[in-house]
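Notes to accompany the following structure.
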Amino acid sequence: MNRRENLLSLLKRQGYDEVPVEFLLCPDLEKLFRKKTDYIGDYMEYFNMPWKYVDDMKLINNDTDKYLKYFDSLKPGSKIDYWGVGHEPGSEAAKHMTYMRNPLKQITSMEELENYPFPDFSTANNDHQKKQVEQIREAGLAAVGNMQMTIWEASWYIRGMEELMMDMMFEDEKAVYLLDKISEINLIRAKSFVNAGVDILFIGDDIGMQRSIMMSEDLYVTWLKPRLKNLISEVKKINKDLIVFYHSCGFITPFIPHLIDAGVDVLNPIQPECMDFKDIHSEFGDKLSFHGTIGTQSTMPFGTPEDVRKEVFRNLEIAGDKGGLLVAPTHLLEPEVPWENIIAYVQACKDFLK
């Protein structure tokens with residue numbers, strides 16, 4: 001099997017020949033990678049990762065100056081994304097992290113919401129996507145459409161988390177309008193990826209905190225699950241073999257049955273600081289595959305290379321011979337992660353024998 005075939009077989013729990021390697025580096029670690037290796041290309045290529053991302057649709061009018069009126073002021077160096085969300089630079093110690101500013105935090109009326117200039121993906125260009133999928137497949141890799149922050153996060157980034165939570169709890173029409181609008185926009189993006197032929201659609205919303213779920217099950221089932229289920233249903237009508245990844249940091253165990261019912265195939269990242277992979281796999285491993293499980297709050301930054309190796313082996317042994325686990329760090333690797341631990345992770349994946 002090539003790397004694509006191996007990955008897809010693993011994710012479908014149909015066995016695998018080798019353990020794939022996958023992780024993301026922060027800008028500081030990407031600089032360290034270049035210093036350590038003298039490699040000028042993509043680190044995903046250097047480490048023979050099994051997939052490659054397809055570029056999103058390209059907006060025809062992406063002038064974000066139209067959102068400036070929604071902010072009293074923004075710090076010098078701030079950026080506004082295509083949703084209109086402001087990102088202010090943090091302190092030097094914050095590195096690549098930014099402070100988020102919500103453009104609709106102060107609105108009080110439906111008229112203000114309806115007049116907001118949401119990005120128009122209905123006229124966006126996607127001519128590049130099919131060609132990229134073909135090139136990725138020719139290289140023996142899986143093609144991934146990545147559009148995390150799909151419904152809940154994209155919505156609260158615009159409105160503000162507390163404000164949107166209150167809108168939902170009081171059954172305010174603003175919550176209905178905003179969540180429907182974001183779902184509609186992102187369904188266009190999702191269909192474009194799937195029509196282009198991606199193997200994997202990576203979606204998700206953070207719905208967990210370190211020790212608890214972010215909202216009640218009732219609130220989730222009422223407001224978010226139906227919209228997620230509709231999006232997944234629509235794209236699987238296009239390709240029934242599509243593999244849907246879903247990301248949520250934190251503790252989300254009570255939500256997992258709902259995610260399975262909504263059509264999720266692979267759950268990311270199973271943070272070991274919040275959930276035990278052995279328990280999660282025992283309960284849901286016959287219905288779900290998993291991506292992650294190696295802690296970026298614990299093992300990767302603060303463990304030894306031997307700790308990293310043991311954790312990789314432990315979790316792969318839990319998953320078993322059929323696969324079902326793309327073992328990987330649970331989040332972006334931050335500056336405090338030692339280079340030796342990254343290499344230990346890569347080597348452990350190479351060395352593991354079923």
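Positions are given from 1 along the sequence. As the structure is a computational prediction, the values presented were derived from the model and not from experiment.
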If you measure from NZ on Lys52 to CG on Asn146, what distance do you get to the nearest 0.5 Å?
14.5 Å

Can you tell me how far apart CG (Leu187) and CD1 (Ile182) are? Round to the nearest 0.5 Å.
12.5 Å

Drop me the distance from Ile203's CD1 to Thr150's OG1, to the nearest 0.5 angstrom.
5.0 Å

Answer whether the closest heavy-atom distance between the side chains of Tyr345 and Val337 falls below 4.5 Å.
no

Greater than 12 external heavy atoms within 6.0 Å of Asp63's CG:
yes

What pair of heavy atoms forms the shortest contact from His96 to Cys26, and how long is it?
CE1-CB, 3.6 Å

Would you say the side-chain atoms of Asn341 pair up with the backbone N or O of Val308, donor to acceptor, closer than 3.5 Å?
no

NZ/Lys58: more than 12 non-hydrogen atoms of other groups inside 6.0 Å
no

Considering the options Arg34, Lys35, Lys95, which one meets the salt bridge (charged side-chain N to carboxylate O under 4.0 Å, His left out) requirement together with Asp28?
Lys95

Any side-chain heavy atom of Pro103 sitting closer than 4.5 Å to one from Ile158?
yes

Mark yes when over 12 heavy atoms from residues, nucleotides or ligands other than Met110 sit less than 6.0 Å from its CE; otherwise mark no.
yes

Calculate, to the nearest 0.5 Å, the distance between atoms OG1 and CD belonging to Thr293 and Glu311 respectively.
6.5 Å

Let me see the working for Gln129 and Val133 under side-chain contact (heavy atoms from CB on, under 4.5 Å), right down to the final yes or no.
CA-CA 6 Å; Gln129 290 183 323; Val133 169; 5.6 Å; no

Of all heavy-atom pairs between Phe277 and Asn315, which one has the smallest distance, and what is that distance?
CE2-O, 3.4 Å

Has Asn126 got a side-chain atom pairing as donor or acceptor with Met57's backbone, closer than 3.5 angstrom?
no

If you measure from CG on Asn125 to CG on Asp56, what distance do you get to the nearest 0.5 Å?
11.5 Å

What's the verdict on side-chain hydrogen bond (donor to acceptor under 3.5 Å, both in side chains) for His281 and Asp276, showing C-alpha distance, side-chain angles and the deciding distance?
CA-CA 9 Å; His281 185 272; Asp276 184 81; over 6 Å; no

Please work out whether the ring planes of Tyr116 and Phe118 are parallel, tilted or perpendicular, with thresholds of 30° and 60°.
perpendicular

Whether the side chain of Arg101 engages the backbone of Ser73 through a donor-acceptor N/O pair (distance < 3.5 Å, no angle test) should be reported.
yes

Cluster check Trp152, Met100: I/L/V/M/F/W/Y, side chain < 4.5 angstrom:
yes

Candidate pair Val327 and Val19, rule side-chain contact (heavy atoms from CB on, under 4.5 Å), full reasoning
CA-CA 8 Å; Val327 67; Val19 177; 3.9 Å; yes

Would you mind checking if Lys237 and Glu234 are paired as a salt bridge, meaning a charged N to carboxylate O distance below 4.0 Å?
yes

Just by distance, do the side chain of Glu88 and the backbone of Lys75 share a donor-acceptor pair under 3.5 Å?
yes

Do Met165 and Met214 come close enough that some side-chain heavy atom pair is under 4.5 Å?
yes

Please check: side-chain N/O of Ser155 versus main-chain N/O of Ile151, any donor-acceptor pairing under 3.5 Å?
yes

Below 4.5 Å, heavy atoms only, C-beta onward: do Tyr177 and Asp167 meet side chain to side chain?
no

Are Met169 and Met209 connected in a single hydrophobic cluster, I mean Ile/Leu/Val/Met/Phe/Trp/Tyr linked by side-chain heavy atoms less than 4.5 Å apart?
yes

Return the minimal non-hydrogen interatomic distance between Ala154 and Met149, and the atom names on each side.
CB-O, 3.3 Å

Can you find a heavy atom in the side chain of Thr296 that is under 4.5 Å from one in the side chain of Leu332?
no

Would you say Met1 ends up clustered with Leu316 if hydrophobic residues are merged whenever their side chains have heavy atoms under 4.5 Å apart, either directly or through other cluster members?
no

Heavy atoms of Pro76 and Pro89 approach each other most closely as O-CG, 3.5 Å

Applying salt bridge (Lys or Arg N to Asp or Glu O under 4.0 Å), run through Lys236 and Asp265 and close with a yes or a no.
CA-CA 11 Å; Lys236 287 195 173 182; Asp265 300 301; 2.9 Å; yes

Any donor-acceptor N/O pair, Asn102 side chain to Arg159 backbone, under 3.5 Å:
no

Once rounded to the nearest 0.5 Å, what's the spacing between atom CD1 of Ile232 and atom CG of Leu201?
8.5 Å

Evaluation steps, side-chain hydrogen bond (donor to acceptor under 3.5 Å, both in side chains), between Glu273 and Ser298:
CA-CA 8 Å; Glu273 303 86 3; Ser298 53; 2.6 Å; yes

Test side-chain hydrogen bond (donor to acceptor under 3.5 Å, both in side chains) applied to Asn6 and Ser9, step by step:
CA-CA 5 Å; Asn6 182 72; Ser9 182; over 6 Å; no

Taking ring pair (Phe, Tyr, Trp, His ring centres under 6.0 Å) as the cut-off, I'd like each qualifying pair that reaches into residues 208-245, sequence neighbours left out, listed once.
Trp51-Phe245, Phe202-Phe245, Tyr220-Phe255, Phe245-His291

How about Leu7 and Ile200: do any of their side-chain heavy atoms sit closer than 4.5 Å?
yes

Counting distance only, does the side-chain N/O of Thr222 pair as donor-acceptor with the main-chain N or O of Asp218 below 3.5 Å?
yes

What heavy-atom pair brings Asp206 and Glu153 nearest, and what distance separates the two atoms?
N-OE1, 2.9 Å

State whether the side chain of Ser248 and the backbone N or O of Ile207 hold a donor-acceptor pair below 3.5 Å, judged by distance alone.
yes

Run the side-chain contact (heavy atoms from CB on, under 4.5 Å) test on Lys225 and Asp261 for me, step by step, so that the C-alpha distance in whole Å, both residues' side-chain angles and the decisive distance to 0.1 Å come before the verdict.
CA-CA 9 Å; Lys225 179 182 176 181; Asp261 183 55; 2.9 Å; yes

Using a 4.5 Å cut-off on heavy atoms from C-beta on, say whether the side chain of Phe313 contacts that of Asp351.
yes

Show your working on side-chain contact (heavy atoms from CB on, under 4.5 Å) between Lys105 and Tyr70 and close with a plain yes or no.
CA-CA 9 Å; Lys105 191 178 184 70; Tyr70 291 95; over 6 Å; no

Output a table of donor-acceptor pairs, distance under 3.5 Å, between side-chain atoms of residues 39-47 and any protein atom two or more places apart or on a different chain; print 'none' if there are none.
from  : atom 1 : to    : atom 2 : distance (Å)
Asp42 : OD1    : Met44 : N      : 2.8
Tyr43 : OH     : Leu25 : N      : 2.9

For the residue pair Thr304 / Asp307, report whether a side-chain donor-acceptor contact shorter than 3.5 Å exists.
yes

Give the cluster check for Ile188 versus Ile60: same hydrophobic cluster or not, with ILVMFWY residues linked at side-chain heavy-atom distances below 4.5 Å.
no

Which of parallel (below 30°), tilted (30 to 60°) and perpendicular (above 60°) describes Trp339 and Phe33?
tilted

Report yes or no: do Met97 and Trp156 belong to one cluster of Ile/Leu/Val/Met/Phe/Trp/Tyr joined by side chain heavy-atom distances under 4.5 Å?
no

Of all heavy-atom pairs linking Gly324 and Arg13, the shortest is CA-CG, 3.7 Å

Between the side chains of Asn186 and Arg189, does any donor sit under 3.5 Å from an acceptor?
yes

Measuring only between side-chain heavy atoms, which start at C-beta, is His247 closer than 4.5 Å to His331?
yes

